[in-house]
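Here's the structure, in structure tokens; my notes come after.
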Amino acid sequence: MKKTVLIVDDEMDMRIFLKTLFETNGYMPLVTRNGKEGLAKAKAEHPDLITLDVMMPGEGGVYLYKELRTDPDMRNIPIIMLSGVKKDAFFHY
């Protein structure tokens with residue numbers, strides 16, 4: 001059984017890149033476009049890993065991160081946070 005990776009990113013190019021990267025390395029990627037979709041998919045699928053874009057419209061990555069870390073069923077899922085912003089802007093956000 002393949003391990004699942006939930007990809008949460010609003011940029012289509014990044015979703016395609018990460019999906020291809022994980023597929024070619026033997027994982028089963030699950031792809032969503034925003035924090036709301038990502039939270040629903042995480043609750044339904046309980047992935048083995050989550051890659052999470054920090055800056056997304058609406059309920060973004062920081063919101064989803066907080067939700068995942070406060071949920072007893074999902075708080076131990078490893079999360080890789082991705083961002084295309086500078087370090088200072090990231091920490092401010």
Side-chain angles (χ1 to χ4, degrees):
M1 190 162 152
K2 292 182 178 182
K3 294 205 179 231
T4 57
V5 178
L6 175 59
I7 299 164
V8 185
D9 201 301
D10 63 322
E11 294 291 330
M12 183 176 63
D13 292 342
M14 194 62 162
R15 290 192 309 265
I16 292 169
F17 169 74
L18 290 170
K19 181 178 184 289
T20 302
L21 177 71
F22 285 114
E23 277 179 337
T24 58
N25 285 285
Y27 296 89
M28 185 177 76
L30 309 168
V31 181
T32 62
R33 298 175 295 174
N34 58 50
K36 188 175 181 179
E37 287 179 11
L39 183 59
K41 185 66 84 173
K43 286 182 177 184
E45 301 291 336
H46 293 277
D48 297 294
L49 173 69
I50 298 172
T51 64
L52 180 56
D53 184 12
V54 174
M55 305 282 281
M56 292 184 288
E59 296 175 345
V62 173
Y63 165 80
L64 179 54
Y65 180 83
K66 288 178 183 178
E67 289 291 316
L68 292 167
R69 288 298 174 241
T70 57
D71 186 308
D73 294 328
M74 295 184 289
R75 71 172 146 221
N76 293 321
I77 298 172
I79 298 173
I80 298 172
M81 296 186 77
L82 304 172
S83 179
V85 299
K86 288 181 159 185
K87 184 178 175 181
D88 294 341
F90 175 79
F91 285 121
H92 174 73
Y93 182 70

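We use all heavy atoms of the structure for the numbers below, so side chains are in, but hydrogens, waters and symmetry mates are not. In this text, all values refer to a predicted model and were calculated from it rather than measured experimentally.
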Atom [atom1] in [X], atom [atom2] in [Y]: separation rounded to 0.5 Å?
| X | Y | atom1 | atom2 | value |
| --- | --- | --- | --- | --- |
| Lys66 | Leu39 | NZ | CG | 14.0 Å |
| Phe22 | Ile7 | CZ | CD1 | 6.0 Å |
| Asp48 | Tyr27 | CG | OH | 9.0 Å |
| Leu64 | Leu52 | CG | CG | 5.0 Å |

Next item on the list: In sequence, state the C-alpha distance, the side-chain angles, and the governing distance for Met14 and Leu82, and then conclude on side-chain contact (heavy atoms from CB on, under 4.5 Å).
Entry: CA-CA 10 Å; Met14 194 62 162; Leu82 304 172; 4.1 Å; yes
**Study point:** Check ion pair Glu23-Lys19 (N to O, under 4.0 angstrom)
**Key:** yes
Between [X] and [Y], which heavy-atom pair has the shortest distance, and what is it?
| X | Y | value |
| --- | --- | --- |
| Leu6 | Gly38 | CD2-O, 3.5 Å |
| Asp9 | Glu11 | OD1-N, 2.8 Å |
| Ala42 | Pro47 | O-CD, 3.8 Å |

Check: Any side-chain heavy-atom pair from Leu18 and Pro29 closer than 4.5 angstrom?
Finding: no
Does the side chain of Leu49 come within less than 4.5 Å of Lys3's, by heavy atoms? no
Does [X] reach the main-chain N or O of [Y] with its side chain, forming a donor-acceptor pair under 3.5 Å?
| X | Y | value |
| --- | --- | --- |
| Asp71 | Glu67 | no |
| Arg15 | Thr32 | no |
| Arg75 | Thr70 | no |
| Thr4 | Met28 | no |

* **Chi angles and distances behind the side-chain contact (heavy atoms from CB on, under 4.5 Å) call for Val54, Val62** => CA-CA 6 Å; Val54 174; Val62 173; 4.0 Å; yes
| query | Step by step, would you call Met74 with Ile79 a side-chain contact (heavy atoms from CB on, under 4.5 Å)? | reply | CA-CA 10 Å; Met74 295 184 289; Ile79 298 173; over 6 Å; no
Do Phe17 and Val31 belong to the same hydrophobic cluster, where Ile, Leu, Val, Met, Phe, Trp and Tyr are linked whenever their side-chain heavy atoms lie under 4.5 Å apart, directly or via other members? yes
